[in-house]
Amino acid sequence: MTPFHHDEKHPSEGRTAATQHAYVVMGIASCGKSVIGRMLADDSVLGCRFYEGDEYHSEESLDKMKKGTPLTDEDRRPWLERLSKVIFEEYQGGKTCVVACSALKQAYRRVLKQHVPEGYVRFIWLDIDASLAQDRCDKRHEDHFFPSHLIASQLSTLDMTVDEAFCHVSIYKPDTTIDDIIQHITSIIIMKG
C-alpha cells in the first residue's frame, strides 16, 4: 500500500487519508471490534490488511473461555506476543493494518507496541455500555466461544482512559450505527494525520 496524503479523498468519497499505522480496535467483548475493524480495513476506507485477534488465541485459551473461565495475564501473554509480531511485520513492510484485539490493560497494549516506534500503534477504543454489550453477547450465535457472563470480568480488567486512546468511540445507545462509528473514526484519522 502506498502512503496516504492528507489531501486525499474525504471518507465519504473513498479511501481515508492516513500515514502508515497499526490501528488496534479495542474494547470489551461485543463492542464491535471485528465488524468495525473489517470495515476500517476495507478498500473504501483504509485499504489495508485486517487481523482478527481472536484467531491468534491458543486452543487452550479458547477452551478456557468456552468453559466460562476468564483468561489470566499468563494466558494472554503469548496471544499478545503473536499479535505484536504481526504488527511488527506490518511495520517492517511499511504498511498500515487494522487489528481487532480487546487490549484491556495498559500492560497488554505495551506488549502490542513493544517492537515498533512510538506512535505506529494507535488504539481505537470502542467504549460500550455494559448492558448493551451483555445484550449483544447474549444474541451471538450459540457456537461463539465467549459466554456473556465473562463481560463482567472484562469490565473489571479494563484499564483505559480517553486520553490514552487515539480515538474514543462512545457506544451507549442501541441506535448508534456502524456508519456513524466509521465516520467518527475516519474523521479522527484525517484530523490527527
Side-chain angles (χ1 to χ4, degrees), residues 1 18 20-42 45-93 95-116 120-128 133-134 136-137 140-141 143-148 150-160 164-169 171 178 181-182 185 189:
M1 185 177 91
Q20 278 75 25
H21 292 285
Y23 293 97
V24 177
V25 182
M26 59 156 294
I28 64 169
S30 297
C31 68
K33 296 180 293 289
S34 300
V35 170
I36 298 301
R38 278 187 185 89
M39 290 189 73
L40 270 180
D42 187 81
V45 185
L46 293 175
C48 64
R49 181 116 186 245
F50 171 72
Y51 295 93
E52 173 54 71
D54 289 342
E55 293 175 4
Y56 292 81
H57 276 298
S58 68
E59 285 301 318
E60 294 80 17
S61 290
L62 290 172
D63 287 343
K64 222 174 162 179
M65 288 184 281
K66 283 178 189 172
K67 292 175 183 170
T69 306
L71 297 181
T72 64
D73 287 353
E74 293 76 30
D75 295 325
R76 288 185 177 106
R77 182 70 190 211
W79 169 63
L80 294 165
E81 290 286 354
R82 286 188 286 277
L83 289 172
S84 174
K85 183 179 178 194
V86 164
I87 289 169
F88 177 68
E89 288 169 357
E90 291 291 320
Y91 168 75
Q92 276 193 310
K95 297 177 182 175
T96 289
C97 66
V98 176
V99 179
C101 172
S102 54
L104 299 172
K105 286 186 180 179
Q106 191 175 60
Y108 304 165
R109 295 187 292 278
R110 276 196 300 270
V111 173
L112 291 173
K113 58 186 183 174
Q114 67 185 336
H115 300 299
V116 295
Y120 176 72
V121 178
R122 292 177 159 185
F123 294 97
I124 298 170
W125 178 22
L126 303 183
D127 181 13
I128 189 169
Q134 183 78 42
R136 285 181 177 183
C137 200
R140 278 181 170 172
H141 191 272
D143 291 338
H144 196 278
F145 69 89
F146 195 91
S148 61
L150 287 182
I151 286 179
S153 168
Q154 286 206 329
L155 282 168
S156 67
T157 303
L158 181 64
D159 170 23
M160 184 61 167
E164 186 185 348
F166 166 76
C167 177
H168 173 250
V169 181
I171 308 170
I178 292 171
I181 294 168
I182 294 295
I185 296 169
I189 291 171

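Since the model is a prediction, treat every value here as computed from it, not as a measurement. Numbering starts at 1 and runs along the sequence shown. Atom set for the values below is all heavy atoms of this structure, side chains included, hydrogens, waters and symmetry mates excluded.
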| task | State whether the side chain of His21 and the backbone N or O of Thr96 hold a donor-acceptor pair below 3.5 Å, judged by distance alone. | result | no

| request: Answer yes when Arg109 and Glu164 have at least one side-chain N-carboxylate O distance shorter than 4.0 Å, and no when they do not. | output: yes

| message | Treating Ser156 as the side-chain partner and Ser153 as the backbone partner, does any N or O pair qualify as donor plus acceptor under 3.5 Å? | response | yes

| request: May I have the step-by-step check of side-chain contact (heavy atoms from CB on, under 4.5 Å) for Leu83 and Tyr108, ending in yes or no? | output: CA-CA 11 Å; Leu83 289 172; Tyr108 304 165; over 6 Å; no

| message | Check whether Ser84 reaches the backbone of Val111 with its side chain - one donor and one acceptor, N or O, closer than 3.5 Å. | response | yes

| Considering residues, nucleotides and ligands other than Tyr91, do more than 12 of their heavy atoms fall under 6.0 Å from its OH? | no

| field | Nearest heavy-atom neighbours spanning Gly68 and Pro70 | value | O-CD, 3.6 Å

| query | Is there a side-chain contact (heavy atoms from CB on, under 4.5 Å) between Met39 and Ile178 once you walk through the steps? | reply | CA-CA 9 Å; Met39 290 189 73; Ile178 292 171; 3.0 Å; yes

| request: Can you see which heavy atom on Trp125 is nearest to which on His168, and at what distance? | output: CE3-CD2, 3.2 Å

| message | Check this for me: does any side-chain nitrogen of one of Lys85 and Glu81 sit under 4.0 Å from a carboxylate oxygen of the other? | response | no

| message | Can you classify the ring geometry of Trp79 versus His57 as parallel (below 30°), tilted (30 to 60°) or perpendicular (above 60°)? | response | parallel

| query | Between Gln154 (side chain) and Ala29 (backbone), is there a donor-acceptor pair under 3.5 Å? | reply | yes

| note | OH (Tyr23) and CZ (Phe50) are apart, to the nearest 0.5 Å, by 15.5 Å

| Which value, rounded to the nearest 0.5 Å, describes the distance between Leu158 atom CG and Asp127 atom CG? | 7.5 Å

| query | Has the side chain of Arg82 got a donor or acceptor atom that lies under 3.5 Å from a matching backbone atom of Tyr56? | reply | yes

| request: Working to the nearest 0.5 Å, report the span between CG of Leu80 and CZ of Arg110. | output: 11.5 Å

| field | Least distance between heavy atoms, Ile87 atom then Leu112 atom | value | CD1-O, 3.7 Å

| query | Hey, mind stepping through Lys113 and Val116 against side-chain contact (heavy atoms from CB on, under 4.5 Å) and telling me if it holds? | reply | CA-CA 6 Å; Lys113 58 186 183 174; Val116 295; 4.3 Å; yes

| said: Quick check against the 3.5 Å criterion: does Asp75 have a side-chain atom that pairs as donor or acceptor with the backbone of Thr72? | reply: yes

| request: Any chance you could measure Leu126, atom CG, to Cys31, atom SG, to the nearest 0.5 Å? | output: 4.5 Å

| Distance, nearest 0.5 Å, that separates CZ of Arg76 from OG of Ser58 | 12.0 Å

| said: How close do Cys48 and Val98 get, counting heavy atoms only, and between which atoms? | reply: SG-CG2, 3.7 Å

| query | Measuring from Lys33:NZ to Cys101:SG, what's the distance to the nearest 0.5 Å? | reply | 8.0 Å

| query | What's the shortest heavy-atom distance between Val25 and Gly37, and which atoms? | reply | CG2-CA, 4.0 Å

| message | Does Lys105 form a salt bridge (Lys or Arg N to Asp or Glu O under 4.0 Å) with Asp73? I'd like the steps, not just the answer. | response | CA-CA 10 Å; Lys105 286 186 180 179; Asp73 287 353; 3.1 Å; yes

| said: Any non-hydrogen side-chain atom of Ile124 less than 4.5 Å from a side-chain atom of Leu40? | reply: yes

| request: I would like to know whether Glu52 and Arg38 meet side-chain contact (heavy atoms from CB on, under 4.5 Å); could you show each step before the answer? | output: CA-CA 9 Å; Glu52 173 54 71; Arg38 278 187 185 89; 3.9 Å; yes

| request: Starting from the C-alpha separation in whole Å, work towards a yes-or-no answer on side-chain hydrogen bond (donor to acceptor under 3.5 Å, both in side chains) for Tyr51 and Arg49. | output: CA-CA 7 Å; Tyr51 295 93; Arg49 181 116 186 245; 3.2 Å; yes

